[in-house]
S.K.: 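Please see the structure below; I have some questions.
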Amino acid sequence: MKTAIEIDIQTEGEMPREHYLNVKTGVKAWLLTMDHKRIGILYLWTILVFFLIASVAAAMMRIELLTPQGDFVTNETYNKLFTIHGVLMVWFFLIPSIPTVLGNFAIPMMIGARDVAFPKLNLLSWYIFVAGGALTLWAIIHGGVDTGWTFYTPYSTTYANSHVITMAAGVFVAGFSSIITGMNFMATIHKMRAAGLTWFRLPLFIWSMYATSVILVLATPVLAITLAVMCVERIWGVGIFDPKLGGDPILFQHMFWFYSHPAVYIMILPGMGVVSELITCFSRKQIFGYGFVAAASMAIAVLGFLVWGHHMFVSSQSVYAGMVFSILSFLVAIPSAIKVFNWTATLHKGSIHFATPMLYALGFIGLFTIGGMTGLFLATLAVDVHVHDSYFVIAHFHYIMVGGMVMAFMGGLHYWWPKITGRLYPEMAGKLAALTTFLGFNLTFFPQFILGYLGMPRRYHAYPPEFQMFNVLSTAGASILGIGYLLPLIYFLWSLKFGRVAGPNPWRATGLEWQTPSPPPKHNFEDKTPIVTEKPYSYSAKEDADLNLASI
Amino acid sequence: MEKVVDPKIYFRTAIALLLLLAATWMIAYINLGLFNLIAALAIAITKAIVIALFFMHIKGSSRLLHLAAIAGVMWLLILISLTLSDFLTRGWTQ
Amino acid sequence: MNTTTTIEAGLVHQQFDDIGQQREAAKLGMWIFLATEVLFFGGLFLSYTVYRFVYGHAFVEASRKLDVVIGGTNTAVLLISSLLMAFAVRASKLDQRRMLTGLLLGTAFLGCVFMLLKGVEYHKDYVDHLVPRMGFKWEGADPGNAELFYWIYFAMTGLHAIHVTVGIGILLVLALLAWRNTFSNGNHNTIEIAGLYWHFVDIVWCFLFPLLYLVGHR
Amino acid sequence: MDQFRLFPPEASTSAQQIDWIYFALVALTVLICVIVFVPIIFFSIKYRRGSKADRSNPRVESVFIESGWTIVPLLIFIGLFSWGAVVYFHVENPPRDALQVQVIGKQWMWRLQHAEGKQEINELHVPVDRPVELTMTSQDVIHSFFVPAFRLHQDVVPGKYTHEWFRATRPGEYHIFCSQYCGTQHSAMIGRVVVMEPLDYERWLNTGRPMESIALAGERLFRERGCSGCHSVNSKFHAPLLEGTWGKPVPLESGEMVTVDERYVRDSILLPGKEISKGYQNIMPSFAGTLSEEEIMQLIAYIKSIGNQTSPSESAPNASR
Ligand code: HEA
Ligand code: HEA
Ligand code: CUA
Ligand SMILES: [Cu+2]
């Protein structure tokens, strides 16, 4: 039996004869490609590898935490596992995820351009990323690093005896890939928009990618110099961060979080952009409060730079600085609130299709709200005095990063999959995976909030027995979550060959990227460059509802 | 052919820069207390602005480039001022 | 300037519509890159500022040992090299091939003079026992924090020197290409972009000089 | 039953204050979830594709509504911030009459010493209903002293002193965790706080070998290490007298003023050249490497203990200061 959705998806029988995937094949053509779409695919494979390694590390940690004693791996190994997990997930999976894969693939098409502004740099950024990743993998294979992803001094500079320098160098190098990507996107969005595509006609995904790029460009260099100084300090004992030589380890934390707090918005803004696309398309509605949602992205990008000290409330930072950072952290939550409310309002009087991408989008809203609200717990000074560096923090950021961003990434991948490959994924399997992920996710991370408030510190290899029950629940959840991730991997590969041919616009979406065949030709649009005359998301729920009544 | 700048402007810019250099050098030999630092920074900022305006042609460029030129500096100020908000208020308790 | 000549049309990369768009995009890209450079140096400026406040006295004392004559001369050298660079950009727009090559070489030459003086100064610092970890000796009060000052001094000037070296390399390559007449007929964008970089390096030095050599009076 | 707890025992005065904010936040979160999720579910059903709901004239913007959901959260946030900040300020500022305990963290253990001199490892005995202040430092990397039952947390940073205080409200035993990652055995850097009735505490304090108090140990060190050779009325060196200086500002050679506090005394001992007192020569030798963290803390405690005495120079007019 066909589902209603499948009837509704507009497919066309045949794939275009020539498209970007088959113009020139062979390894060499791919490795030297300057086509933004192909570079997006290169990135997709690369980050997938890192995601798998980091996930295996997560699985091993969860297995270790099944029992209170440290019995599955040694404490040394455990410490290396969460470092590998954190470093790879943050810098080699989540930060590049939506920007480099979906951003690279879709931005030029969504603004009606033939490519990004600097295609050579775009390819270069991928090579730099791979080089950085290779260094990091080298460090992992040769024994790993045990500093945690935060590299706090003086542990990292003096006491850790693992491959800190190599791993930091890997992150340093990958940072330049981020910078180049951000710079490229900014120049592209500023200079390459199609005729008539004014700023306020841009899809919200573009706005959010622009905001992300601002952060990439202005925050990443500070991480680079911080890690460089950290390495130099480790080699020669400079003393900028070493209390024995007159330095102050808290300065390292300031510099690290000046990057890493904005970086968490690198890890959520693109997801918000994707969700704006999905919510509108699958409720067939113009977004509620377009201007506010767009402005909120920019506000997050700017305000996000002012709050880093909330990671240091109990670090011996001055009490007064703590207060400044606390109030600013609350302020930065307001644009997020605006977005959540606007998405919700968009559903009003829509014609809602529960296609897989929409399920992910709705999951995003729910989990992001919970993750964000618990961020407010942490921003409240007195409460953070208790829950700092406990599993409460772990749960907070997994809710946003896994429940939010990874969900959005999956949603976006499903949404643009037909554009990328020309074929549809199997809808029922998609729904099943989305549901599994959602349930598994909550089972994994909700217990961690309770664990955190109970006082279980993070980065603990063994723990007092009274924490066991919630840890068991969490591990059980992780195995369900793991299945939720494996499913798409399988059916996406399956669909490459057996998926239904999608046609240019299976979702009847309004973006420019849907006005060209799937997969698109090499230069995105056949000859004609699009001209834009109206606002984005000119959907009509009313027409859609009527149309559907006829088709069932 | 592109629009080009009158050479005189470049020469004047260079002379202004060298004069500023001389000024900052000389002021350093007078003890003005805290004002030494302020003067040195003020002159450095002036020099940077002069270079950006005339050598780097920010003068006459689009608003967008003005913004790009200012952004880096603004963000550096955020970094420094909020970090100092910690270091300078540490002794306030007890 | 929007009348694109046919020669110029040949310069336009496929992703752009016209040469104007291409130039604008390149310039914007470069300015964004310079903003990241500001923040890259920014980490060191921050360390400097913090310790300048915390160890004010030691920093002032330490800075007095630096050779202000070399530092000052070097500032002048860079400023003049910037002037040459500005003229080089102008020459490229006017299609003056010989002039352009000469000016690029001149700029690179002054860059080398800067590096040479810097080398002399580093050597002098070494002889004076001012290099941390390499026979550092400090007679005055608070040797630990004086050493910290010198660490920061070497980090900042070292990072700057790396930038100058890269700049010299770029200038030399461009000079060669200019001689081969690559930048004629409106293809002057590369020169302009390189110029922006060179001026930026100059600006950084405009801050390093007073902060490192002239903190407090001498 | 321990397995089914949802929050740790409330065993200090700040625990109650912090829990109240926590409960308020939980309530707010539930409320927000209701406000967001109920409409989503409701719309999802009512406006599902194909339903016969009325979809005419959809609204897509309203400055009024937007400002509503900007301003209301803003007000709530200001409230939350203020509440959190007030309690935080309270938690961060120890009362004056607190019992003093010195804590030194090192990979991977806690060493604690009571002002009366009693030493403990990974255990802290305290009386109920008395404020206790911990003065903490680390010998190597950053650690963090975390007692969930007290809702307390403070990083322990090498090279400086941090403080944490509490007033326990219930006798019992509670966990101490090190919650800042500090290396291989981070998760083994745990211990317990034993909260006792005051009488039991007195008894505990007086059992075992009698100990000299921290300040007394400091005084002994002050003599043994030769400090008193310079810092005394009849010394042949010109050095400042330390009686009565604690907590007061002193002028420096560079013209600045600085308060004599833990940091200043510590730096004076380890980096004597850093801040020279006005009118003195830089002749004090550095004791870096020769004094342990404990000994420095004891010296500080001694100098603090003579902080209320009047300087002998005032009674003896021919003294060196
Ligand atoms: C994508 C990643 C991401 C995002 C978006 C956020 C978003 C936020 N984070 Fe989070 N955070 C992390 C990732 C992220 N964080 C990570 C990785 C860490 C740990 C790092 C480490 O130590 O390893 C961390 C740690 C962390 C801390 C430090 C905890 C500690 O170590 O003690 C704090 C403290 O303030 C904090 C706060 C916040 C806040 C206030 C937001 C806000 O931006 C959230 C805003 C969103 C909402 C608030 C929800 C939507 C709003 C509504 C639906 C309306 C609500 C209306 C009313 C309340 C009226 N985070
Ligand atoms: C950025 C993205 C990101 C993502 C996607 C994830 C994904 C996951 N993370 Fe991670 N996490 C971080 C970022 C991320 N994490 C960071 C930054 C830290 C801090 C590191 C630090 O402290 O330095 C952290 C720390 C962290 C901890 C705390 C470790 C500690 O402090 O001791 C835990 C513990 O449960 C955890 C679990 C998980 C799990 C279960 C997933 C799941 O989503 C993964 C799901 C995948 C699988 C489970 C694998 C595939 C499935 C199988 C092979 C089937 C079999 C599985 C089982 C039997 C369990 N993470
Ligand atoms: Cu000590 Cu963790
Ligand atoms: Cu943060």
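Labels below follow one simple rule: chain letters A, B, ... track the order of the sequence lines, proteins then strands, and each chain is numbered from 1. Just so you know, these numbers use all the heavy atoms, side chains as well, and skip hydrogens, waters and symmetry mates. Note that this is a predicted model, so its numbers are computed, not measured.
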S.K.: Can you tell which part of Lys160(D) gets under 4.5 Å to a heavy atom of chain A, answering side chain, backbone, both or neither?
M.R.: side chain
S.K.: Does any heavy atom of chain D fall under 4.5 Å from the side chain of Ile370(A), the backbone, both, or neither of them?
M.R.: side chain
S.K.: Find the distance between CD1 (Ile35(D)) and OG1 (Thr369(A)) and round it off to the nearest 0.5 Å.
M.R.: 11.0 Å
S.K.: Measure distances from Ile32(D) to the heavy atoms of chain A and classify the residue's part below 4.5 Å as side chain, backbone, both or neither.
M.R.: side chain
S.K.: Under a 4.5 Å heavy-atom cut-off, does chain D meet the side chain of Ala160(A), its backbone, both or neither?
M.R.: neither
S.K.: Determine the sole option in Tyr22(D), Tyr88(D), Phe146(D) for which the ring-ring contact (aromatic ring centres under 6.0 Å, His included) test with His386(A) is passed.
M.R.: Phe146(D)
S.K.: What's the shortest heavy-atom distance between Gln107(D) and Tyr159(A), and which atoms?
M.R.: OE1-CD2, 3.8 Å
S.K.: Select one option (side chain, backbone, both, neither) describing which atoms of Ser14(D) are under 4.5 Å from chain A's heavy atoms.
M.R.: neither
S.K.: Is it the side chain or the backbone of Ile65(D) that comes within 4.5 Å of chain A heavy atoms, both, or neither?
M.R.: side chain
S.K.: If you count heavy-atom pairs under 4.5 Å between each of Gly183(D), Cys178(D), Ser187(D) and chain A, which one has the most?
M.R.: Ser187(D)
S.K.: If you count heavy-atom pairs under 4.5 Å between each of Pro8(D), Gly159(D), Ser179(D) and chain A, which one has the most?
M.R.: Pro8(D)
S.K.: Nearest 0.5 Å, what's the CD1-CG distance between Ile450(A) and Leu6(D)?
M.R.: 5.5 Å
S.K.: Have Tyr181(D) and Asn79(A) got a donor and an acceptor in their side chains that come within less than 3.5 Å?
M.R.: yes
S.K.: Report which part of Ala379(A) has an atom under 4.5 Å of a heavy atom belonging to chain D: side chain, backbone, both, or neither.
M.R.: neither
S.K.: With a 4.5 angstrom heavy-atom cut-off, is it the side chain or the backbone of Val157(D) that approaches chain A, or both, or neither?
M.R.: side chain
S.K.: Closest heavy-atom contact between Phe470(A) and Arg5(D)?
M.R.: CE1-O, 3.7 Å
S.K.: If I measure from the heavy atoms of chain D, does Tyr453(A) come under 4.5 Å with its side chain, its backbone, both, or neither?
M.R.: both
S.K.: Taking only distance into account, with no hydrogens and no angle test, what donor-acceptor pairs under 3.5 Å do side-chain atoms of residues 68-85 of chain D form with protein atoms, sequence neighbours excluded?
M.R.:
residue	atom	partner	partner atom	Å
Trp69(D)	NE1	Glu66(D)	OE1	3.0
Thr70(D)	OG1	Glu66(D)	O	2.7
Ser82(D)	OG	Ile78(D)	O	2.6

S.K.: Select one option (side chain, backbone, both, neither) describing which atoms of Val340(A) are under 4.5 Å from chain D's heavy atoms.
M.R.: side chain
S.K.: Once you measure the plane-to-plane angle for Phe467(A) and His175(D), does it fall in the parallel (<30°), tilted (30-60°) or perpendicular (>60°) bin?
M.R.: tilted
S.K.: Between Pro464(A) and chain D, which part of the residue has a heavy atom less than 4.5 Å away: side chain, backbone, both or neither?
M.R.: side chain
S.K.: Which atoms form the tightest heavy-atom contact between Lys349(A) and Asn57(D), and what is the distance?
M.R.: NZ-O, 4.0 Å
S.K.: Do you know the tightest heavy-atom contact between Ile18(D) and Ala382(A)?
M.R.: CD1-O, 3.5 Å
S.K.: Side chain, backbone, both or neither: which part of Glu164(D) has a heavy atom under 4.5 Å from chain A?
M.R.: neither
S.K.: Enter the distance from Gln185(D):CD to Glu76(A):CD here, rounded to the nearest 0.5 Å.
M.R.: 9.5 Å
S.K.: Please classify the contact between Leu270(D) and chain A as side chain, backbone, both or neither, with a heavy-atom cut-off of under 4.5 Å.
M.R.: neither
S.K.: Which bit of Asn342(A) comes within less than 4.5 Å of chain D, counting heavy atoms only: side chain, backbone, both or neither?
M.R.: both
S.K.: Is chain A contacted by the side chain of Phe7(D), its backbone, both, or neither, given a heavy-atom distance below 4.5 Å?
M.R.: both
S.K.: Which bit of Thr374(A) comes within less than 4.5 Å of chain D, counting heavy atoms only: side chain, backbone, both or neither?
M.R.: neither
S.K.: Against chain D, label Tyr155(A) side chain, backbone, both or neither, depending on which of its atoms sit under 4.5 Å from a heavy atom there.
M.R.: both
S.K.: I need the residue from Val36(D), Val87(D), Val147(D) with the largest number of non-hydrogen atom pairs under 4.5 Å to chain A.
M.R.: Val36(D)
S.K.: Measure Asp267(D) against the heavy atoms of chain A and call it side chain, backbone, both or neither at under 4.5 Å.
M.R.: neither
S.K.: Heavy-atom distance under 4.5 Å to chain A: side chain of Val26(D), backbone, both or neither?
M.R.: both
S.K.: Return the OG1 to CZ distance between Thr29(D) and Phe449(A), rounded to the nearest 0.5 Å.
M.R.: 9.0 Å
S.K.: Check Val91(D) against Val385(A) and note the closest heavy-atom contact, atom names and distance.
M.R.: CG1-CG1, 4.2 Å
S.K.: Which bit of Ser315(A) is near chain D, if near means a heavy-atom gap under 4.5 Å: side chain, backbone, both or neither?
M.R.: both
S.K.: Which region of Ser540(A), side chain (C-beta onward) or backbone (N, CA, C, O), has a non-hydrogen atom less than 4.5 Å from a non-hydrogen atom of chain D, or is it both or neither?
M.R.: neither
S.K.: Would you say the side chain of Pro457(A) lies within less than 4.5 Å of the side chain of Gln180(D), judging by non-hydrogen atoms?
M.R.: no
S.K.: What part of Lys80(A) gets within 4.5 angstrom of chain D, counting heavy atoms only: side chain, backbone, both, or neither?
M.R.: neither
